[in-house]
Number of protein chains: 2
Amino acid sequence: MREMLKHADAAQMHAQNMNKPSGRLFAVTDSASAKTKAPSRIQQRNRSVILDAALEVFSSEGYRGATLDQIAKQAGLSKPNILYYFNGKEEIHVTLLNQLMTTWLDPLKEMNPNGDPIKEIIAYVHRKLDMAIELPRESRLFANEILQGAPRMGPHLTAGLKPLFDEQAAVITRWMDSGKIARSDPAHLLFSIWATTQHYADFAAQAEVLLPDSNAREQGARVFLDQIFTKLLTP
Amino acid sequence: MREMLKHADAAQMHAQNMNKPSGRLFAVTDSASAKTKAPSRIQQRNRSVILDAALEVFSSEGYRGATLDQIAKQAGLSKPNILYYFNGKEEIHVTLLNQLMTTWLDPLKEMNPNGDPIKEIIAYVHRKLDMAIELPRESRLFANEILQGAPRMGPHLTAGLKPLFDEQAAVITRWMDSGKIARSDPAHLLFSIWATTQHYADFAAQAEVLLPDSNAREQGARVFLDQIFTKLLTP
DNA sequence: TCACTTTTTTACCATTTGGTAAAGACACGA
DNA sequence: TCGTGTCTTTACCAAATGGTAAAAAAGTGA
């Protein structure tokens with residue numbers, strides 16, 4: 001009930017007029033009129049500091065588990081100060097999710113339909129593994145959101161991921177049709193690539209117990225994934 | 001701070017005497033003296049109703065995201081009534097995690113060192129996939145806990161999972177030594193089995209968008225996993 | 001340096017949330 | 001049917017949490 005109201009608010013809280021010089025920074029998202037003027041140096045810095053802190057907290061605590069106080073502390077700012085830069089907890093989270101979508105989709109886009117199929121797919125695997133290792137927080141943020149049923153990302157999945165997914169699945173199917181790689185289900189092939197690579201970020205707490213040497217683990221993962229997908233794809 | 005206190009409490013709240021006939025049900029975990037007498041029918045039923053409700057809520061909201069009110073509502077009981085059966089939110093969660101550990105480890109134990117290696121491993125894959133499909137809540141509860149850094153399960157991983165993991169990795173290594181299956185890293189092989197199977201439970205929200213037909217999805221997953229692991233393992 | 005804007009801080013608030021106290025309602029053997 | 005122990009409800013509470021108001025502090029261009 002309250003949630004719905006808040007959503008409605010966010011969607012159309014335009015009516016407000018910003019006469020008084022003090023108060024909110026953000027242009028109350030007045031979509032129709034004046035766009036927000038260029039953000040100042042300090043604004044840029046603080047927004048990014050906040051987003052980084054929020055990424056840290058959200059990715060390890062989940063949306064509800066994260067508190068503004070934690071984020072504020074992590075960012076080295078006061079809570080009201082954070083609310084000066086963002087309309088609220090949800091806006092921070094959504095901003096993070098939007099940024100993430102790009103980061104997440106890019107590697108998939110890089111698969112070149114005219115390249116060598118096996119090389120292209122293996123390169124994609126490596127790119128995803130690198131991301132999991134270098135950007136574990138992003139991976140966990142995503143995992144948390146999906147685990148929770150993608151409450152704030154559902155649209156992104158349908159509008160952003162789905163078309164790209166279908167497109168790349170079609171590319172893979174064509175590769176299979178041409179006999180350049182062994183036939184298997186392209187959709188599940190992509191799933192398995194995501195699952196096996198992101199596993200090293202999302203289940204790091206488990207992997208660290210079972211295979212404590214992180215260098216060996218990363219190297220081992222690389223070799224293993226290379227092997228399993230090469231074997232699968234080789235005709 | 002408060003968390004630490006609570007832990008301390010849970011660990012040694014023995015001093016209390018249970019003179020008054022009313023009050024707490026559970027024997028205040030008096031480890032030294034009288035064990036709790038056999039739980040009544042209604043006790044058994046309510047505890048399991050609560051645990052089921054809690055599984056539902058914890059698995060989709062995470063520990064901090066879940067509230068006792070949600071659990072109470074889901075269970076069809078009042079909040080204080082729930083606290084009559086369990087000492088608190090954390091105890092419910094821990095109970096769930098303990099139960100889960102058994103469920104989680106069993107399939108791995110069933111791998112028979114004397115069976116046909118490929119068949120044994122493939123059978124394990126199928127068992128794990130079945131679990132992901134039939135017990136998605138358990139899979140998500142686990143995923144949530146690990147994602148959050150296994151704060152309440154760390155010991156279980158070390159004491160329960162690790163030994164079994166090492167043992168089975170050794171079994172697989174022996175199989176490889178004997179030439180019955182192709183050589184690959186046993187640890188990462190197990191990781192990839194977990195990742196690919198649990199993916200269908202943990203990332204269901206995503207999979208449902210990308211591959212909406214759930215029957216086709218399950219069947220496709222089965223065929224694909226069979227294929228990829230057979231190819232990997234065949235010498 | 002002054003007037004004006006942008007940032008930050010200090011006090012607060014209303015809700016939510018985990019949890020408790022204590023009175024009732026209920027079950028059941030004697 | 002009475003009494004004793006088991007289970008449930010009602011009425012609360014303190015802390016945590018998302019958020020706001022408004023004043024103070026910093027900047028900044030002229």
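Per chain, numbering begins at 1; letters A, B, ... match sequence-line order.
- For the pair Tyr84(B) OH and dT8(D) C1', the computed distance is 9 Å after rounding to whole Å.
- Classification of the Trp194(B)-Phe191(B) ring pair by plane angle, with boundaries at 30° and 60°, yields tilted.
- Both Gly88(B) and Asn81(A) sit near DNA chain C, but only Asn81(A) has its closest nucleotide nearer the 5' end.
- Checked by distance alone, Lys89(A) brings no side-chain donor or acceptor within 3.5 Å of a matching partner on the base of dG19(D).
- With dT8(D), dA21(C), dT20(D) as the candidates, the nucleotide lying closest to the side chain of Pro80(B) is dA21(C).
- Put simply, CG on Leu68(B) is 21 Å from P on dC12(D), counting in whole angstrom units.
- Note: Ser78(A) OG to Tyr84(A) OH = 12.0 Å, rounded to the nearest 0.5 Å.
- In this structure, His93(B) has its ring center no closer than 6.0 Å to that of Phe86(B).
- Cation-pi geometry between Arg152(B) and Tyr63(B) is met: the NZ or CZ atom falls under 6.0 Å from the ring centre, inside 45° of the normal.
- Checking dT10(D), dT6(C), dG18(C) against the side-chain heavy atoms of Thr67(B) singles out dG18(C) as nearest.
- The side chain of Gln43(A) places an N or O atom within less than 4.0 Å of a non-bridging phosphate oxygen (OP1 or OP2) of dT7(C).
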For Arg64(A) and Glu61(B), what are the C-alpha separation, side-chain angles and deciding distance, and is it a salt bridge (charged side-chain N to carboxylate O under 4.0 Å, His left out)? CA-CA 8 Å; Arg64(A) 291 212 57 196; Glu61(B) 309 279 353; 5.1 Å; no
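- Distance, Asn46(A) CG to dA26(D) P: 15 Å, rounded to whole Å.
- Regarding Ile82(B), its CD1 atom lies at a distance of 12 Å from the C1' atom of dT8(D), rounded to whole Å.
- Regarding Leu83(A), its CG atom lies at a distance of 19 Å from the P atom of dC12(C), rounded to whole Å.
- Residue contacts shown for Ala72(A) are absent, as no nucleic acid heavy atom lies under 4.0 Å away.
- Toward the 5' end of DNA chain C, the nearer of the two residues Arg64(A) and Leu77(A), judged by each one's closest nucleotide, is Leu77(A).
- Note: CD (Glu90(B)) to C1' (dG18(C)) measures 12 Å, nearest angstrom.
- Atom pair Lys79(B):NZ and dT17(C):P shows a separation of 9 Å (rounding to whole Å applied).
- Between the CD1 atom of Ile92(A) and the C1' atom of dT17(D) there is a distance of 14 Å, rounded to whole Å.
- Of the side-chain N and O atoms in Ser78(A), none sit less than 4.0 angstrom from OP1 or OP2 of dT8(C).
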